[in-house]
2 protein chains.
Amino acid sequence: MQQQSRASQVSLPKEPVQRAWVALQRFGPALLDRVETELKAAGFPALEWYDVLWAIEREGPLRQRDLAGHMLIARYSISRLVDRMEEDGVVTRRECPEDGRGQMVHATPAGLNLRKAMWSVYGKAMREALAPLSEKEKLQLTAILTKLA
Amino acid sequence: MQQQSRASQVSLPKEPVQRAWVALQRFGPALLDRVETELKAAGFPALEWYDVLWAIEREGPLRQRDLAGHMLIARYSISRLVDRMEEDGVVTRRECPEDGRGQMVHATPAGLNLRKAMWSVYGKAMREALAPLSEKEKLQLTAILTKLA
DNA sequence: GATACTTTGTTGCAAAAGCAACAAATATTA
DNA sequence: TAATATTTGTTGCTTTTGCAACAAAGTATC
């Protein structure tokens, strides 16, 4: 959503459950949004593109199924996301040898370049977004969120 | 997005910043999603409706501007959200006395009822979603997220 | 008080998400 | 193996989002 001149008047409730919930529902997405905005401002595509490319770069060509699993998004979303990325030339679909239904999604050289270019902005934005936290707090946050998975 | 049979194979990176970021980007939304899914399954509208109704119930009729501020969403989104809610009969727009541009959004009795009904599902789902955390952890989570705002 | 600037809310159009139905391939089971 | 069920991916249709432009009201500046 982006532009949000007006300061967010967020008052947290009293009970711990609700406080945590509200914080999670509000500040998490707000952070995400800030970073996405920076990416967009730099002329890059959204984070999902990065996620796809990075997953493939780490683990090699992946099936759409696995991409969906990684990114926690619906099958049809992946299907269309890959459509767009393929159209843009950053990935290609190839047959899956051991499963006739499958589509192996490969990254193209252009895709690898894009990912690297995005990282220069993304990595910085991410670090800035989390800068208010100490190292210890970052680990605490991770630990707590992991419990919720 | 909902249905996600396949377990999410999420491997966290090593550096604290990235771990925290990945956790935030992934587990937060996943929680939200779970709760939204329960609401939907119970035949209720999305969380935003609840948020609007609850904000009005707490603070009285609000301008769209203020709703947007509360919920951290774009103006045009509020505009349309209120359109839909009005059409559904849970809120009404009235003139704003001291600002000719303004729209005061009021909740109707039906709206108040809806909010209460939603809470019975929402509150429970929220509690369950955060159940893995101790009270102390909930407060820690809140404190940490608040720093990020 | 006329001028420019900002804020608030709306809208047309294009892009993306969600739902439900589907075909094709694979797994399961009897 | 035949019949049934499940998984994977796609697609038409509808709803929602995002962008950009806009009008109307308000604010500030001169």
Side-chain angles (χ1 to χ4, degrees), chain A residues 1-8 29 32-34 36-37 39-41 43-49 51-52 61-88 91-106, chain B residues 1-7 29 32-34 36-41 43-49 51-52 61-88 91-106:
Chain A
M1 62 116 197
Q2 234 158 148
Q3 24 70 320
Q4 194 60 46
S5 47
R6 197 160 200 82
S8 61
L32 260 278
D33 197 61
R34 242 195 283 160
E36 287 252 26
T37 301
L39 271 177
K40 196 166 294 178
F44 287 120
L47 271 184
E48 349 167 85
W49 284 46
D51 290 340
V52 167
L62 286 173
R63 298 190 54 171
Q64 300 196 180
R65 174 190 65 175
D66 300 313
L67 283 172
H70 273 292
M71 302 172 58
L72 302 181
I73 74 182
R75 288 167 231 112
Y76 59 80
S77 298
I78 278 291
S79 190
R80 284 162 173 156
L81 175 55
V82 174
D83 282 352
R84 281 171 253 142
M85 293 180 73
E86 192 167 29
E87 197 173 354
D88 196 64
V91 299
T92 54
R93 278 191 251 239
R94 302 193 202 155
E95 270 191 1
C96 177
E98 64 270 342
D99 188 336
R101 297 164 294 187
Q103 299 276 10
M104 300 300 295
V105 183
H106 294 247
Chain B
M1 65 114 198
Q2 236 159 153
Q3 27 63 331
Q4 195 60 47
S5 48
R6 196 162 200 80
L32 260 278
D33 196 61
R34 245 196 281 159
E36 288 252 24
T37 301
E38 285 199 47
L39 272 177
K40 196 165 294 178
F44 287 120
L47 271 184
E48 346 165 270
W49 284 45
D51 289 340
V52 167
L62 286 173
R63 299 189 53 171
Q64 301 196 179
R65 174 191 64 176
D66 299 313
L67 284 172
H70 272 292
M71 303 173 57
L72 301 182
I73 74 183
R75 288 167 231 112
Y76 61 80
S77 298
I78 278 291
S79 190
R80 283 161 173 157
L81 175 56
V82 174
D83 281 352
R84 281 172 252 141
M85 294 181 71
E86 193 167 29
E87 197 174 355
D88 196 64
V91 300
T92 54
R93 278 189 251 238
R94 302 193 202 153
E95 271 192 0
C96 178
E98 62 271 342
D99 188 336
R101 296 164 295 184
Q103 300 276 9
M104 300 300 296
V105 183
H106 293 248

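Just so it is clear, the structure is predicted and the values come from calculations on it, not from any experiment. Proteins get letters first, then strands, A, B, ... in listed order; numbering begins at 1 in each.
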Peer 1: Evaluate A/L62 against A/V52 for side-chain contact (heavy atoms from CB on, under 4.5 Å), listing each step before the verdict.
Peer 2: CA-CA 9 Å; A/L62 286 173; A/V52 167; over 6 Å; no
Peer 1: Using a cut-off of less than 4.0 Å, is there contact between a side-chain N or O of A/R84 and OP1 or OP2 of C/dA16?
Peer 2: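 It does, given that an N or O in the side chain of A/R84 lies less than 4.0 Å from OP1 or OP2 of C/dA16.
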Peer 1: Roughly how many Å is it from CG in B/L81 to P in D/dT15, rounded to a whole number?
Peer 2: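 Spelled out: CG on B/L81 to P on D/dT15 is 16 Å.
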Peer 1: Ignoring hydrogens and angles, are the base of D/dG9 and the side chain of A/R80 linked by a donor-acceptor pair under 3.5 Å?
Peer 2: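 It does not, because no donor-acceptor pair links the side chain of A/R80 to the base of D/dG9 below 3.5 Å.
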Peer 1: Round to the nearest Å and state the distance from B/Q64 atom CD to C/dT7 atom P.
Peer 2: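 After rounding, the gap between these two atoms is 17 Å.
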Peer 1: Can you see if the side chain of A/R65 gets near the phosphate of C/dA25 - specifically, an N or O under 4.0 Å from OP1 or OP2?
Peer 2: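 The answer is no; no side-chain N or O of A/R65 sits under 4.0 Å from OP1 or OP2.
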Peer 1: Is any side-chain N or O of A/R101 under 3.5 Å from a base N or O of C/dT26, one able to act as donor and the other as acceptor?
Peer 2: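 Looking at the base of C/dT26, it does not pair with any donor or acceptor on the side chain of A/R101 (distance under 3.5 Å).
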Peer 1: A/S77 side chain N/O closer than 4.0 Å to the phosphate oxygens (OP1, OP2) of C/dA17?
Peer 2: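 Negative; the distance criterion is not met.
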Peer 1: Can a donor-acceptor pair be found, under 3.5 Å and without considering hydrogens, that links the side chain of B/S77 to the backbone of B/I73?
Peer 2: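 Not a single qualifying donor-acceptor pair exists.
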Peer 1: I want to check one thing: is the phosphate of C/dC19, taken as OP1 and OP2, less than 4.0 Å away from some side-chain N or O of B/K40?
Peer 2: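 Yes, within the criterion.
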Peer 1: Given D/dT10, is OP1 or OP2 found less than 4.0 Å from the side-chain N or O atoms of A/R93?
Peer 2: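 Looking at the OP1 and OP2 atoms of D/dT10, one of them is under 4.0 Å from a side-chain N or O of A/R93.
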Peer 1: Nearest whole angstrom, please: distance from the P of C/dA16 to the OH of B/Y76.
Peer 2: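 Going from B/Y76 (OH) to C/dA16 (P), I get 13 Å.
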Peer 1: Please tell me which of A/E48 and A/D99 maps to the more 5' nucleotide of DNA chain C, matching each residue to the nucleotide holding its nearest heavy atom.
Peer 2: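 Of the two residues, A/E48 wins.
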Peer 1: Do A/T37 side-chain atoms and A/D33 backbone N/O form a donor-acceptor pair below 3.5 Å?
Peer 2: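 Yes; judged by distance alone, with no hydrogens or angles, the pair exists.
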Peer 1: At under 4.0 Å between heavy atoms, what does B/D83 touch on the DNA or RNA strands: base, sugar-phosphate, or nothing?
Peer 2: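 No contact at all - B/D83 keeps every heavy atom at 4.0 Å or more from the nucleic acid.
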Peer 1: Between CZ of B/R63 and CD1 of B/I78, what distance do you get to the nearest 0.5 Å?
Peer 2: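 Reported value, rounded in 0.5 Å steps: 13.0 Å.
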Peer 1: CD1 of A/I78 versus C1' of D/dG9: gap in Å, rounded?
Peer 2: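 Taking CD1 of A/I78 and C1' of D/dG9, I get 11 Å after rounding.
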Peer 1: Rounded to whole angstroms, how far apart are CG on A/D33 and P on D/dG18?
Peer 2: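 Roughly 8 Å, once rounded to whole Å.
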Peer 1: Any side-chain N or O of B/S79 under 4.0 Å from OP1/OP2 of C/dT10?
Peer 2: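 Yes, B/S79 has a side-chain N/O under 4.0 Å of OP1/OP2 on C/dT10.
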Peer 1: Over how many whole Å does the gap from B/D66 atom CG to C/dT7 atom P extend?
Peer 2: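 In whole Å, C/dT7 P and B/D66 CG are 14 Å from each other.
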Peer 1: Given atom CD1 of B/I73 and atom P of D/dT16, what is their separation to the nearest angstrom?
Peer 2: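 The distance from CD1 of B/I73 to P of D/dT16 comes to 13 Å, rounded to the nearest Å.
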Peer 1: Residues two or more places apart in sequence or in another chain: which of them pass side chain to side chain donor-acceptor pair (under 3.5 Å) with B/Q64?
Peer 2: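 Partners of B/Q64 by the side chain to side chain donor-acceptor pair (under 3.5 Å) criterion, ordered by chain and then number, come out as B/R93.
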Peer 1: What integer distance in Å separates A/M71:CE from C/dA16:P?
Peer 2: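 The distance from CE of A/M71 to P of C/dA16 comes to 14 Å, rounded to the nearest Å.
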Peer 1: When you measure from the side-chain N and O atoms of A/R63 to the phosphate of D/dG9, is any distance below 4.0 Å, counting only OP1 and OP2?
Peer 2: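 Answer is yes, contact under 4.0 Å.
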